[in-house]
Peer 1: 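The structure is given below, and queries will be raised subsequently.
We name chains A, B, ... by the order of the sequence lines, and we start the count at 1 in each one. Here the structure is a predicted model, which means the values were calculated and not measured.
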Number of protein chains: 2
Amino acid sequence: MTERTPSRRTTATAPPAFPKPGHNHARCAAEALGKAEAVCAARGTRLTEIRRQVLETVWQSHVPVGAYEILAQLNAGGGDRPPSQNSRALTARGGPPSQNSRALTARGGRHAPMAVYRALEFLMDNGLIHRLASLNAYIGCAHLGEDPHAAQFLICRRCGTTAELKSAALNRALDQAVTERGFTIDSQLVEIGGICPNCRPNHRRPKS
Amino acid sequence: MTERTPSRRTTATAPPAFPKPGHNHARCAAEALGKAEAVCAARGTRLTEIRRQVLETVWQSHVPVGAYEILAQLNAGGGDRPPSQNSRALTARGGPPSQNSRALTARGGRHAPMAVYRALEFLMDNGLIHRLASLNAYIGCAHLGEDPHAAQFLICRRCGTTAELKSAALNRALDQAVTERGFTIDSQLVEIGGICPNCRPNHRRPKS
DNA sequence: TTGTAAATGTTATAACATAACATTATACCA
DNA sequence: TGGTATAATGTTATGTTATAACATTTACAA
């Protein structure tokens, strides 16, 4: 929200790069998790096991992931962490596993959708992830630790990779266009679909 | 007077006003319907009865309307009657209440959800309405007859009124910010939430 | 230790959207 | 005029995303 004039020239030719296919993503994820812990510590909120698992799942890649996919991975034991030992709270009822097609409960698995949605809500409230309305999916925040920000997203329709933009110039243009009409901004949603540089081989990149 | 009234100030490029509470909305709707007919005639597509009904429902106001609300209005006799009813459970026609809570068929009513979604798809394909991803709702296109456009929306969180922006300056800023990153735009989604001028007499928005 | 707030579990359902196939309407032409 | 191809709509079923409501467990500190 705070627009600061850069004391140093923002390099017009070297904006933050779009995530590249071969980049060291383990490092992305590890950094994100580390920063997330710091953010939570600073805010006095608790990055519990399930929240951390969901965050890790979101950070598996730069492709947004849906809530029910997160749920499936959690219940499949996904991620590199051991599953919760809280299995005693599972179906100890002794009944046969009902194969209800709408079985939302964790009869055979572990978690119900609520668990995921609660974790997602927590992560969003703490600025650790964003929701992409055009995809009904979630992605890790690329600007952890910065002020709560209104972000823009570039979504590649080919590989799914999504980059967070956070362009001050764009925010200025937006603010001006909107204020002209007497409107006061609370929230913004900017999601741009298209082809990312990695998926467009003919694209000439100034530096690589 | 404490508030300056800029209504007299006519800038050279005066932006289109935000829809005002007391405006002659019947005229908005009538014009939209007329233009829609012209658009369909020009394109050789057919604005059938149900499509027209859905379009009329969408144009009831400048507040986006959900698909199931459209459905409910259609099945309640359409037109200008208020819905005031849950869209679910439309089955019973004098018969015993069905046990199936997911009764989506139009046994007692007229239409099933598919009918509405098909009409909405047609209307979107023909540029007559837009979908608002942040609301899962639909609104009439304010720029009928113009080229297929990527629009921006201002959504008042207080009254729900939504205005279509279509700012060239904003599109330029967007294009520049995106192209800098080597991205090629296919589609854009810009939905700005906030307080519209009609809802902001002395409003001071809290930080959230 | 124990009270309490936070977190999670559990069940159910709301809300939004589409797949798949059947039937009806429309247009166009021989 | 009637046949027939296509468009439109009807119908049934289900997929997908998200939340309400209440029960139980856990963490933490007084």
Peer 1: Just jot down the side chain to side chain contact (heavy atoms under 4.5 Å, CB included) partners of B/Arg131, sequence neighbours excluded, or say none.
Peer 2: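 Scan of B/Arg131 (side chain to side chain contact (heavy atoms under 4.5 Å, CB included), adjacent residues dropped) gives B/Met124, B/Ala133, B/Asn136, B/Tyr138.
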
Peer 1: Measure the distance between the ring centre of A/Tyr68 and the centre of the six-membered base ring of D/dT17, then answer whether it is under 5.5 Å with planes under 30°.
Peer 2: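 Yes, A/Tyr68 stacks on the base of D/dT17, since the ring centres sit under 5.5 Å apart and the planes are within 30°.
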
Peer 1: At a cut-off of 3.5 Å, list every protein nitrogen or oxygen paired with a nitrogen or oxygen from nucleotides 5-9 of chain D, distance to 0.1 Å.
Peer 2:
from  : atom 1 : to      : atom 2 : distance (Å)
D/dA8 : OP1    : B/Arg51 : NH1    : 3.3
D/dA8 : O5'    : B/Arg51 : NH2    : 3.4
D/dT9 : OP1    : B/Thr48 : OG1    : 2.4
D/dT9 : OP2    : B/Arg51 : NE     : 3.4

Peer 1: Distance check needed: C/dT26 P versus B/Leu47 CG, whole Å only.
Peer 2: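 In whole Å, C/dT26 P and B/Leu47 CG are 14 Å from each other.
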
Peer 1: Using a cut-off of strictly less than 4.0 Å, decide whether A/Tyr138 has a side-chain nitrogen or oxygen near OP1 or OP2 of D/dA18.
Peer 2: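 Yes, such a contact exists.
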
Peer 1: Among C/dT10, D/dA18, C/dT18, which nucleotide sits nearest the side chain of B/Tyr117?
Peer 2: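 That would be C/dT18.
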
Peer 1: Residues in side chain to side chain contact (heavy atoms under 4.5 Å, CB included) with A/Val178, at least two apart?
Peer 2: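 Only A/Phe183, A/Ile185, B/Leu154, B/Leu165, B/Ile192 meet the side chain to side chain contact (heavy atoms under 4.5 Å, CB included) criterion with A/Val178.
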
Peer 1: Throw together a table of side-chain donor-acceptor distances under 3.5 angstrom for residues 168-177 of chain B, partners on residues two or more places apart or in other chains.
Peer 2:
from     : atom 1 : to       : atom 2 : distance (Å)
B/Asn171 : OD1    : B/Gln152 : NE2    : 3.0
B/Asn171 : OD1    : B/Gln188 : NE2    : 2.8
B/Asn171 : ND2    : B/Ser167 : O      : 3.4

Peer 1: Would you say D/dA18 has OP1 or OP2 under 4.0 Å from some side-chain N or O of A/Asn136?
Peer 2: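 Yes.
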
Peer 1: Please set out all donor-acceptor pairs under 3.5 angstrom arising from side-chain atoms of residues 24-31 of chain A, sequence neighbours excluded.
Peer 2:
from    : atom 1 : to      : atom 2 : distance (Å)
A/Asn24 : OD1    : A/Ala26 : N      : 3.4
A/Asn24 : OD1    : A/Arg27 : N      : 3.3
A/His25 : ND1    : A/His23 : NE2    : 3.2
A/His25 : ND1    : A/His62 : NE2    : 3.3
A/His25 : NE2    : A/Trp59 : O      : 2.6
A/His25 : NE2    : A/Gln60 : O      : 3.2
A/His25 : NE2    : A/Ser61 : N      : 3.4
A/Arg27 : NE     : A/Glu31 : OE2    : 3.3

Peer 1: Is it true that the side chains of B/Thr57 and B/Gln73 contain a donor and an acceptor less than 3.5 Å apart?
Peer 2: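 On atom types as modelled, these side chains do not qualify, holding no pair under 3.5 Å.
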
Peer 1: With B/Gln53, which residues qualify under side chain to side chain contact (heavy atoms under 4.5 Å, CB included), at least two apart?
Peer 2: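 Residues passing side chain to side chain contact (heavy atoms under 4.5 Å, CB included) with B/Gln53: B/Glu49, B/Leu74, B/His111.
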
